Structure formats: C-alpha cells, structure tokens
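The next block holds one structure in the form of structure tokens; read it before the comments.
Not measured: the values here are computed from a predicted model. We use all heavy atoms of the structure for the numbers below, so side chains are in, but hydrogens, waters and symmetry mates are not.
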Amino acid sequence: MIAGKKIILGITGGIAAYKAASLVRLLVKGGAEVQVIMTPNAKEFIAPLTLSTLSGKPVISEFFTANTGQWNSHVDLGLWADAMVIAPATASTIGKMANGVADNMLVTTYLSAKAPVFVAPAMDLDMFKHPTTKRNLDLLRSYGNHIIEPAAGELASHLIGKGRMEEPENIYKVLDAFFDQQHDLQGKKVLITAGPTYEKIDPVRFIGNFSSGKQGFALAQECAERGAEVTLVTGPVNLSIAHPGVTRIDVMSADEMHNAVVSRFPEHDIAIMCAAVADYKVEHVMDHKIKREKGDAPVLTLVKNPDIAKAAGAMKRPDQVLVGFALETDNEDAHAHEKLLKKNLDFIVLNSLKDEGAGFQCSTNKVKIIESDGSETVYPCKDKRMVAKDIVDVLKSKYLK
Ligand code: CTP
C-alpha cells in the first residue's frame, strides 16, 4: 500500500516531465507524502509551482535556497524516503546515476538514498537503443535499481518506437505492488546459487561458461527486498550486491559450491539453484603452467562434478522448497521434466537458448515455470529482475505457508 509512504519523485528534463504532475497527484491521492526534486532542465518543461501545489511541499532543485541560504541536505532526504522514483529519467541522468556524476541535487540524493529506487526512462528510440544507454541501465540494474521499461508508441519526435515513459497509472501500480509484497518473505531463509563455476586446468587456465550471474543476483535482490535472509553462493561474476539482507559467499569450482550448499541447506527454508555449474572438471589439475613448446598438445581427462541440486533434493525435508533452472537448446520440455523429477525439485524454471532475449549475459529472460503438480506457466520476455519477481510470486503463493 502506498498510503503513508514517503516518496522522492525525481524529475529530469524531458518532454515527459509534464506527466510527472499526474504521477504526483496519483501518489498524493493514494496517501503518500511526496517530495519532488527537479533537475535544472526539468524546470524548462514543467513549472515547479505546479508540482509544489500538487505535492503540498516546496520543490527542491538546488543545493541551497538562494534567498534564505537554507541548505537542502541530500543525505537527510536520502534517509527520509521509503522509495525514490525518477520519472521521467533522461539518458543524461541515467548516465550520471550509473557513473556517480553528482553535479545536481537529484543525483546526489540518489547516491545517498538507502531506499529502493525506481527508474522510468523516457527518450527517443535511438537514444534508448544506444549501447551507452543500455550499458548504463544494466549498471543501474546491477545496483539493484528497478527499471520501469518505457512503452513503445509515438514519441515527441513523431518517430514510432520504444522510449515513451510508462504511464503514471502504471508507475503507480508498480510502486503499489512493490509496497504490498514488500515483506512477504519476512522470517524466511533463502539459499541461492548464481553464476558459472570455473574448473582449473593449471594455475592460469580454467574451463568455464558464459553465465553472467545476473538472474541469480536478481533473485537474491528480490528475496532480500521482500524481507528474506538470503545466502548467495556465487561463482566468479562481475556483479555486486549491496542489500544488508544478503550474505555473499564467493566460490570458484563446482566442488566448492557443492560444499557451501550442502553444509548450509538444512538451515534454509528455500533453495534456488540458479548457477550454471560446470558438469565436468579436470581429473588432474597441473600445479605448473602447461607450456606450448614442450611435447604434444595436452589431452585433458574430465571427470563428473557433483550435481548440487540433486544433492539438495536428496536432503530436502517436507518443510523445504527446492527450485531449479534448466537452460536447454532442444527438447526443452522433456529435459526440464526429467530434471524436475531426477533432482526432486518443487518447480523448475525453463529457459530456451532458442528464444530471443533469454539465457546467458543478457539482461532479459523468457521463462516457463513447470511445477511438480504438472502445472505450467509461460511468461513473456522480461527484465531479469521482473523474472525474479515472477519466480518469487509462484514460490510465495503456492509453496510457503
Ligand atoms: N545443477 C547443479 N549442479 C550441477 C549441475 C546442475 O546444481 N552439477 C543445477 C543447476 O543449477 C540447475 C539445474 O541443476 O538448477 C539444471 O542444470 P542444467 O545445467 O540445466 O542440467 P544438468 O543437470 O547439468 O544436465 P545437462 O547439462 O545434461 O543438461
């Protein structure tokens, strides 16, 4: 519920700024206390007076108020808020947020904010598609920020494409749903595996895979924001997670991940096996670097790694829930059903490498959830954070008391 929540609404300089007035109105009507922060350019698109009248609070735009000398503390504001929403978020502000360019009140407050942050981009279609924008949005996602994807349609340039800020009603709904579910995993302990494993060949080489860890990290963030105590066992990844509810355990190989999971699973209520574990390791790891010039090309003998999900499935108590993933390239459903049974999972999240926008490295995923009771749900391609929400929603509604 939005009633009683303290929300910072950051408005940046894009044409969609005019829609921010409706968003303020909706939030205030819903019972929220709204503090508007505008970038200097935003004031060219909508008058601060409109927003201060609707929010019932003076709009903040500068570090201090010139005529009184009153200092506007971004630190206090950052601590005050239950959520920060940046709508519309221009490519420029997204870039500043992603890279810590704190040259205005909005970005300094963002950097000080402890609350969850929602970003609703709005820009022309080519700006939205630009690799810089994509990378900056990926960075924001990796910081745990929620991206409210823009809609497709006619843009201010009259071009048609993706880049229109999501409608205020829908932004309101995202926030409302977020506050509703915020603590529905309170008191639960969740164990999550993420990323690839690296299997050593010699001191400088390994066998690995392309897993980025993004889906596992998104799940950890989602569970922690919903009040769970999360243990995240991750292989080598380039990601960070700052939520205080997440304890991160870094491992390298499948054996290390296996030990970390098997020793901790009994004290957890839920385990989500999201890691792309290497199926094989090198039988004899060289203790010195293999040299190119010496002798013939080496032949590596591989031996099987432990199946971590299967080991957890064998230990699972009736009060525990075990979720697995399956990344397939062919016969997807049959393979997923087989894994569900073999590993004693409660449900499995299937993604097919045939689907555009699914699988390793990308920020989106397209999944099908197959449950042990035979039910199946197909989801559209979404941001991995939203996929995490879908998975946790199934967990919550069907598997937790
Ligand atoms: N898994 C695991 N330990 C392994 C292999 C897989 O915990 N050694 C888990 C994965 O995290 C995932 C599920 O089992 O939740 C399915 O993984 P996947 O790689 O799709 O299946 P495999 O069992 O490895 O089978 P295959 O490689 O033959 O498809």
Side-chain angles (χ1 to χ4, degrees), residues 1 146 173-174 176-194 215-233 243 245-246 261 264-275 308-328 332-352 355 358 364-401:
M1 247 199 354
H146 303 251
K173 278 188 203 155
V174 169
D176 201 31
F178 174 79
F179 286 124
D180 266 356
Q181 64 172 30
Q182 206 176 7
H183 286 112
D184 60 359
L185 293 188
Q186 194 78 47
K188 298 291 177 199
K189 289 186 168 184
V190 187
L191 179 66
I192 297 172
T193 65
Q215 188 62 73
F217 274 61
L219 276 160
Q221 185 78 28
E222 176 72 15
C223 291
E225 282 190 7
R226 291 168 78 155
E229 229 179 280
V230 179
T231 309
L232 175 63
V233 180
H243 198 289
V246 180
V261 168
R264 289 173 178 85
F265 183 49
E267 76 215 32
H268 287 80
D269 303 290
I270 302 155
I272 308 177
M273 303 283 110
C274 193
I308 304 167
K310 196 172 171 194
M315 297 164 73
K316 186 174 75 167
R317 301 186 305 263
D319 64 315
Q320 289 178 304
V321 186
L322 182 61
V323 179
F325 273 73
L327 178 63
E328 306 293 346
E332 292 91 338
D333 284 56
H335 287 311
H337 276 285
E338 206 180 291
K339 287 175 190 172
L340 182 75
L341 288 178
K342 197 171 73 184
K343 303 186 192 224
N344 192 24
L345 307 172
D346 292 281
F347 66 88
I348 191 157
V349 183
L350 165 64
N351 31 192
S352 167
D355 286 327
T364 53
N365 207 353
K366 185 174 180 325
V367 305
K368 179 183 204 175
I369 291 184
I370 303 173
E371 298 178 58
S372 54
D373 65 5
S375 55
E376 296 190 356
T377 318
V378 179
Y379 296 85
C381 183
K382 296 181 181 192
D383 189 281
K384 282 187 171 162
R385 185 58 200 277
M386 295 299 149
V387 173
K389 180 182 172 329
D390 289 336
I391 295 167
V392 177
D393 283 348
V394 171
L395 247 175
K396 174 66 196 156
S397 63
K398 295 185 72 171
Y399 295 90
L400 298 180
K401 297 199 184 76

side-chain contact (heavy atoms from CB on, under 4.5 Å) assessment of K398 paired with D373: CA-CA 11 Å; K398 295 185 72 171; D373 65 5; 3.6 Å; yes
Audit row: T377, F347, side-chain contact (heavy atoms from CB on, under 4.5 Å) steps and yes/no: CA-CA 11 Å; T377 318; F347 66 88; over 6 Å; no
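With values rounded to the nearest 0.5 angstrom, R385 atom CZ is found 12.0 Å from D390 atom CG. Here K310 contributes atom NZ and M315 contributes atom CE; the two are 15.0 Å apart, rounded to the nearest 0.5 Å. Here the straight-line distance linking atom CG of N365 with atom CE of M386 works out to 13.5 Å at 0.5 Å rounding. Atoms NZ and NZ, on K382 and K389 in that order, are 7.5 Å from each other to the nearest 0.5 Å. Distance check: Q320 CD to D269 CG gives 7.5 Å after rounding to the nearest 0.5 Å. Distance check: I348 CD1 to M273 CE gives 12.0 Å after rounding to the nearest 0.5 Å.
The two residues V230 and A224 have their closest heavy-atom pair at CG2-N, 3.7 Å. When all heavy atoms of L219 and C274 are compared, the pair lying nearest together is CD1-SG, 4.1 Å. Of all heavy-atom pairs between V190 and A228, the closest is CG2-CB, 3.8 Å. Of all the heavy atoms in V392 and E222, the pair that sits closest is CG2-CG, 3.8 Å. When all heavy atoms of A309 and L322 are compared, the pair lying nearest together is O-CD2, 3.7 Å.
Counting heavy atoms from C-beta on, the side chains of K366 and V387 never come closer than 4.5 Å. In this structure the side chain of R226 reaches within 4.5 angstrom of the side chain of D393, judged on heavy atoms. Put simply, the side chain of E376 reaches to within 4.5 Å of the side chain of D333, judged on heavy atoms. Side-chain contact check for E229 versus H268: every heavy-atom pair is 4.5 Å or farther apart.
For D180, the salt bridge (charged side-chain N to carboxylate O under 4.0 Å, His left out) criterion is met by no residue, not counting sequence neighbours. Under the salt bridge (charged side-chain N to carboxylate O under 4.0 Å, His left out) criterion, K188 pairs with no residue at all, not counting sequence neighbours. Evaluation of the side-chain contact (heavy atoms from CB on, under 4.5 Å) rule for E338 yields H335 as partners, not counting sequence neighbours.
With hydrogens and angles disregarded, no donor-acceptor distance shorter than 3.5 Å links the side chain of N351 to the backbone of V367. Remark: the backbone N or O of D346 is paired with a side-chain donor or acceptor of S372 at under 3.5 angstrom. Side-chain N or O atoms of E371 include none that pairs as donor or acceptor with a backbone N or O of V394 at under 3.5 Å.
Ring geometry for F178 versus H146: interplanar angle over 60°, hence perpendicular rather than tilted (30 to 60°).
By the 6.0 Å contact criterion, NZ on K316 is enclosed, its count of non-hydrogen atoms from other residues, nucleotides or ligands being greater than 12.
Ion pairing between a basic and an acidic side chain is recognised when a charged N comes within 4.0 Å of a carboxylate O; E267 and K189 show no such pairing. Remark: D319 engages R317 in a salt bridge, criterion side-chain N to carboxylate O under 4.0 Å.
Just one of T193, I272, L350 meets the side chain to side chain contact (heavy atoms under 4.5 Å, CB included) condition when paired with F325; it is I272. Remark: of the listed residues L232, V246, V233, L232 is the sole one forming a side chain to side chain contact (heavy atoms under 4.5 Å, CB included) with I192.
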